[in-house]
Amino acid sequence: MSTGTEAWLAIGLVALVVFASRASGYFLGSKVREDGRLRRLFDVLPGCAIAAVIAPVIVRAGAVEIVALAAAASLLWFTHNLGLALASGLVVLIAGANLGLVL
């Protein structure tokens with residue numbers, strides 16, 4: 001098999017696996033009772049996944065990253081504007097990098 005054929009086959013298989021996992025989640029999720037314990041688990045699962053990804057980053061973060069996170073979190077809390085919160089965090093990170101505070 002040529003490299004091009006292997007690449008297209010890999011792309012096709014990844015697309016198939018992603019589609020199958022999304023479709024199975026949709027069909028299995030529709031079978032869950034609204035008042036069941038499993039429904040409550042599904043309701044908090046996205047937050048748990050985000051926390052699992054972000055927690056190690058926060059633990060390894062430096063002072064500038066913590067300040068950027070605090071700025072973004074506080075702006076999101078008070079304004080409920082995600083774009084403004086992300087922009088404020090980026091501004092703090094860019095300022096820190098320009099001042100030589102971020103590696």
Side-chain angles (χ1 to χ4, degrees):
M1 223 184 274
S2 70
T3 304
T5 305
E6 290 174 354
W8 282 109
L9 181 62
I11 291 169
L13 287 174
V14 167
L16 182 65
V17 167
V18 168
F19 175 76
S21 67
R22 294 286 203 145
S24 65
Y26 174 74
F27 290 119
L28 292 175
S30 65
K31 304 291 184 202
V32 176
R33 291 189 341 244
E34 282 296 319
D35 60 345
R37 213 182 314 179
L38 191 57
R39 173 58 67 186
R40 290 193 305 266
L41 173 70
F42 285 158
D43 288 342
V44 298
L45 191 59
C48 293
I50 290 170
V53 171
I54 292 179
V57 174
I58 292 172
V59 168
R60 290 188 307 245
V64 175
E65 288 90 353
I66 297 296
V67 171
L69 178 62
S74 58
L75 266 175
L76 183 61
W77 179 268
F78 289 112
T79 66
H80 302 289
N81 186 333
L82 182 61
L84 182 63
L86 289 173
S88 70
L90 284 173
V91 165
V92 172
L93 286 175
I94 292 169
N98 286 332
L99 293 173
L101 301 174
V102 179
L103 296 177

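This chain uses plain numbering: 1 for the first residue, then up along the sequence. Quick caveat, the model's predicted, so the values are computed rather than measured.
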Please list every donor-acceptor pair under 3.5 Å in which a side-chain atom of residues 85-101 meets a protein atom from a residue at least two apart or in another chain.
{"unit_1": "S88", "atom_1": "OG", "unit_2": "A85", "atom_2": "O", "d": "2.7"}
{"unit_1": "N98", "atom_1": "ND2", "unit_2": "I94", "atom_2": "O", "d": "3.4"}

(Q) Which heavy atom of P56 sits nearest to which heavy atom of A51, and what is that distance? (A) CD-O, 4.4 Å
Q. If you look at every heavy atom in I66 and I58, which pair is closest and at what distance?
A. CD1-O, 4.1 Å
Q) With V14, which residues qualify under side chain to side chain contact (heavy atoms under 4.5 Å, CB included), at least two apart? A) V18
